[in-house]
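All values derive from a computational prediction rather than experimental measurement. Position 1 is the first residue of the sequence, and the numbers go up from there.
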Amino acid sequence: MAEEKKTEEKKTEERKAEAEKEETKNELSALEKLKNSVSEEDSKPTTQLSLKMILGGDILNAEFVRRQLWLIVIAVVFIIAYVASRYQCQQDIIKIAKLETELKDAKYRALSISSKLTERSRESHVLKLLKENNDSLLKASDQPPYIINVPER
């Protein structure tokens, strides 16, 4: 019985040793996998482009994107310039519309003032004011105007 216990103890020790070897082997393989995934070189681009790659940012690590970086920067600058230009154009259109309404208002005021001036300078209105005030010696003529013909020399 003592021999059986010893053989069982040896077997359990051997199992423990094997388990430790496998554990260290797994640790090494995990470390190797980590080293491979963290390498500075780009992996070969995959032919399949998935939404997960795009949203995950994997596409930004690709060599293609690095080569086209200046093109992307120029495109972004042009897009910003386009948006700013469109915004400025819209602001100018709003300002032009506002100035056009002010111009219409000024024209209507000038027209109304002109009509008031025309009304006040009519002969009938002037005569009416003269009669109402009685402070002027001016009176309307009873005789019609004469046409004087002057012969040319």
Item to check | Closest non-hydrogen atom pair between His125 and Glu119, with its separation | outcome: CB-O, 3.5 Å
Checklist entry - Can you check whether Lys98 reaches Glu102 side chain to side chain, under 4.5 Å on heavy atoms? => result yes
Checklist entry - Got Glu132 and Leu129 here, is their nearest side-chain heavy-atom distance under 4.5 Å? => result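 The answer is yes, as the side chains (C-beta and beyond) meet within the 4.5 Å cut-off.
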State the [atom1]-[atom2] distance between [X] and [Y], to the nearest 0.5 angstrom.
X	Y	atom1	atom2	result
Gln90	Gln88	CD	CD	10.5 Å
Ser85	Phe78	OG	CZ	12.5 Å
Arg67	Ile72	CZ	CD1	11.5 Å
Asp105	Glu100	CG	CD	12.0 Å
Leu117	Ile113	CG	CD1	9.5 Å
Asp92	Leu99	CG	CG	10.5 Å

Checklist entry - Under the 3.5 angstrom rule, does the side chain of Thr118 hit a backbone N or O of Ser114 as a donor-acceptor pair? => result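 Such a contact is found between Thr118 side chain and Ser114 backbone.
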